[in-house]
Amino acid sequence: MRYNLAFIGFGSVGRALARLLLDRSHELQSERDITWRLTGVATRRLGWRVATEGFDVEALLESDRAALAAPAETDIASWLTATKAGVLFEMSSLNAHTGQPAIAHIEAALEHGAHAVTANKGPIVHGYRHLRDLAAARGKGFRFESAVMDGAPIFSLFRECLPLAHVTGFEGILNSTTNFLLEAMESGSGLEDAVRKAQAMGLAETDPAADVDGFDAAVKVAAIVSVIMDVPIGLQDVARRGIREIDATEVRAARAAGTPYKLMCRAVRAGDGVVATVAPERVAADSPFALVGGTSSVVHFHTDILPGLTITEHTPTPTTTAYGILADFIGLVSGSGRGI
Ligand SMILES: NC(=O)c1ccc[n+]([C@@H]2O[C@H](COP(=O)([O-])OP(=O)(O)OC[C@H]3O[C@@H](n4cnc5c(N)ncnc54)[C@H](OP(=O)(O)O)[C@@H]3O)[C@@H](O)[C@H]2O)c1
């Protein structure tokens, strides 16, 4: 079956997804009977671009001019209609405080009659139940595997492989930039110097507060709790402390003592609710968390069936994130799984 695909966002992840779709085109067709063409690309700079017969994706990857040469619509509804999109991939920048405009993009796609897949955490934290219910009402799918831990299977793991297993809590390292910052501090840098190094490597944003003050980690905790533990919490419900409060001397002393600092995320069920925290902690040298550094991340789930289950994602790239989106797409159009 052929699908018209529409991308909102054509940055690191959107481009990696375009490359991955090209790379796996043959297997998609031969093993899954899925063919595709990219009929819509939208970004802030490009506007709502349409190619009804499909963009030349190679040309698009080489230069934005290919998109700029295509006609543009003025709003998302007319863009979705013109692209005849069967699947929207929402890959715009995170707005951790409201989830917009990504929530509106996904709503528009579902109303239009398209499936929606996102890598954006904002819609999960601020709109998960609403978007899940809207998708169900429209008979369409809404998936977001890459929103937490890139392409590592977290949401699909519980949806597909562990039905009726109840998560009682989890802990992990969900923000990898703070791994890098803490490691740089262990090697002699101060926090500001470490931030500058992370920015130079493209790991930290211009405004590092999202990582340093634990906002990014808290958003991920809220997303996992809301979906996998089915308790709708927001950013304000996660007690949050970042790494700004510990100085480099303490960080070095902790490493020398064999109990390094990590920005730990924790959630535990308490009655009908969940107690969720993000805070720097010294972890035991033999814990799986002590071994997770660089851009890697880890989560350890407690369930009523499997007492402990740990997933570690080693050195992800935008292609890893794109793979989570591709897997969501394949799962949706192959009809696997229902629910989350
Ligand atoms: N990078 C990763 O590996 C990774 C991992 C997990 C999740 N994510 C999530 O995936 C999403 C994309 O990340 P990225 O690394 O690809 O970001 P990026 O390189 O900064 O690209 C963001 C893209 O979104 C577009 N955009 C931003 N706001 C928009 C709006 N209001 N309307 C339409 N387009 C808009 C930008 O357009 P302009 O350039 O024209 O402004 C750009 O094309 C984010 O939500 C991020 O949190 C990324």
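Computation of the quantities below employed the complete heavy-atom set of this structure, encompassing side-chain atoms and omitting hydrogens, waters and symmetry-equivalent molecules. Throughout, residue positions are numbered sequentially from 1 according to the sequence presented. First listed ligand is number 1; within each ligand, the first listed atom is number 1. The structure presented is a predicted model; accordingly, all values stated were derived computationally and were not measured.
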As a test of understanding, state which of Phe144, Phe7, Phe10 forms a ring pair (Phe, Tyr, Trp, His ring centres under 6.0 Å) with Phe89.
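The option that passes is Phe7.
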Atom 13 (O) of ligand 1: protein heavy atom closer than 4.0 Å?
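True for atom 13 (O) of ligand 1.
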Classify the ring geometry of His302 against His300: parallel below 30°, tilted from 30° to 60°, perpendicular beyond 60°.
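Judged by the thresholds at 30° and 60°, the geometry between His302 and His300 is perpendicular.
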Asp304 with Arg269: basic N within carboxylate O range, under 4.0 Å
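Here Asp304 does not pair with Arg269 in a salt bridge, since their nearest N and O are not under 4.0 Å apart.
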Would you mind checking if Arg49 and Glu73 are paired as a salt bridge, meaning a charged N to carboxylate O distance below 4.0 Å?
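No.
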Interfacing atoms of ligand 1 (cut-off 4.0 Å, heavy-atom, [X]):
X: Asn120; value: 45 (O)
X: Gly9; value: 23 (C), 24 (O), 25 (C), 43 (O)
X: Ser146; value: 6 (C), 7 (C)

Counting N and O atoms only, with roles assigned by atom type, does the side chain of Thr315 sit under 3.5 Å from a partner on the main chain of Ser296, one being a donor and the other an acceptor?
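Checked: no pair found.
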In the protein, which heavy atom is nearest to [atom], and how far is it?
atom: atom 31 (N) of ligand 1; result: Pro101 CG, 3.4 Å
atom: atom 39 (O) of ligand 1; result: Arg45 NH2, 3.1 Å
atom: atom 41 (O) of ligand 1; result: Arg44 NE, 2.9 Å
atom: atom 3 (O) of ligand 1; result: Thr321 OG1, 2.9 Å
atom: atom 24 (O) of ligand 1; result: Ser92 CA, 3.3 Å
atom: atom 21 (O) of ligand 1; result: Gly11 CA, 3.4 Å
atom: atom 5 (C) of ligand 1; result: Asp150 OD1, 3.0 Å
atom: atom 37 (O) of ligand 1; result: Thr43 CB, 3.3 Å

Would Leu46 end up clustered with Val50 when hydrophobic side chains under 4.5 Å apart are linked, directly or stepwise?
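Different clusters: Leu46 never reaches Val50 through Ile, Leu, Val, Met, Phe, Trp or Tyr contacts under 4.5 Å.
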Can you hop from Phe170 to Val298 via hydrophobic side chains spaced under 4.5 Å?
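No, it is not one cluster - the side chains of Phe170 and Val298 are not joined through contacts under 4.5 Å.
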Is the shortest N/O to N/O distance between [X] and ligand 1 below 3.5 Å?
X: His105; result: no
X: Thr317; result: no
X: Phe10; result: yes

CA sep, side-chain torsions, deciding dist, call: Ser189, Lys197, side chain to side chain donor-acceptor pair (under 3.5 Å)
CA-CA 9 Å; Ser189 298; Lys197 283 182 186 152; 2.7 Å; yes
Using a heavy-atom cut-off of under 4.0 Å, does the side chain or the backbone of [X] touch ligand 1, or both, or neither?
X: Ile8; value: side chain
X: Val13; value: both
X: Ser93; value: both

If the contact criterion is a heavy-atom separation under 4.0 Å, does Lys121 count as touching ligand 1?
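Yes, that is the case, since the closest heavy atom of the residue is under 4.0 Å from the ligand.
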Side chain to side chain donor-acceptor pair (under 3.5 Å) evaluation trace for Trp48 with Thr83:
CA-CA 10 Å; Trp48 305 98; Thr83 58; over 6 Å; no
Give a yes/no verdict on a cation-pi contact between Arg240 and Phe215, requiring under 6.0 Å between NZ or CZ and the six-membered ring centre and an angle within 45° of the axis.
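Positive - Arg240 is close enough to the ring of Phe215 and near enough to its axis.
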Options Ala119, Gly14, Ser12, ranked by nearest heavy atom to atom 7 (C) of ligand 1, top entry
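Shortest heavy-atom distance from atom 7 (C) of ligand 1: Ala119.
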Only one of Val333, Leu332, Leu28 forms a side chain to side chain contact (heavy atoms under 4.5 Å, CB included) with Tyr3, so which one is it?
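Passing option: Val333.
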Go through Tyr261 and Glu250 one step at a time and tell me if the side chain to side chain donor-acceptor pair (under 3.5 Å) criterion holds.
CA-CA 9 Å; Tyr261 271 105; Glu250 272 182 87; 3.3 Å; yes
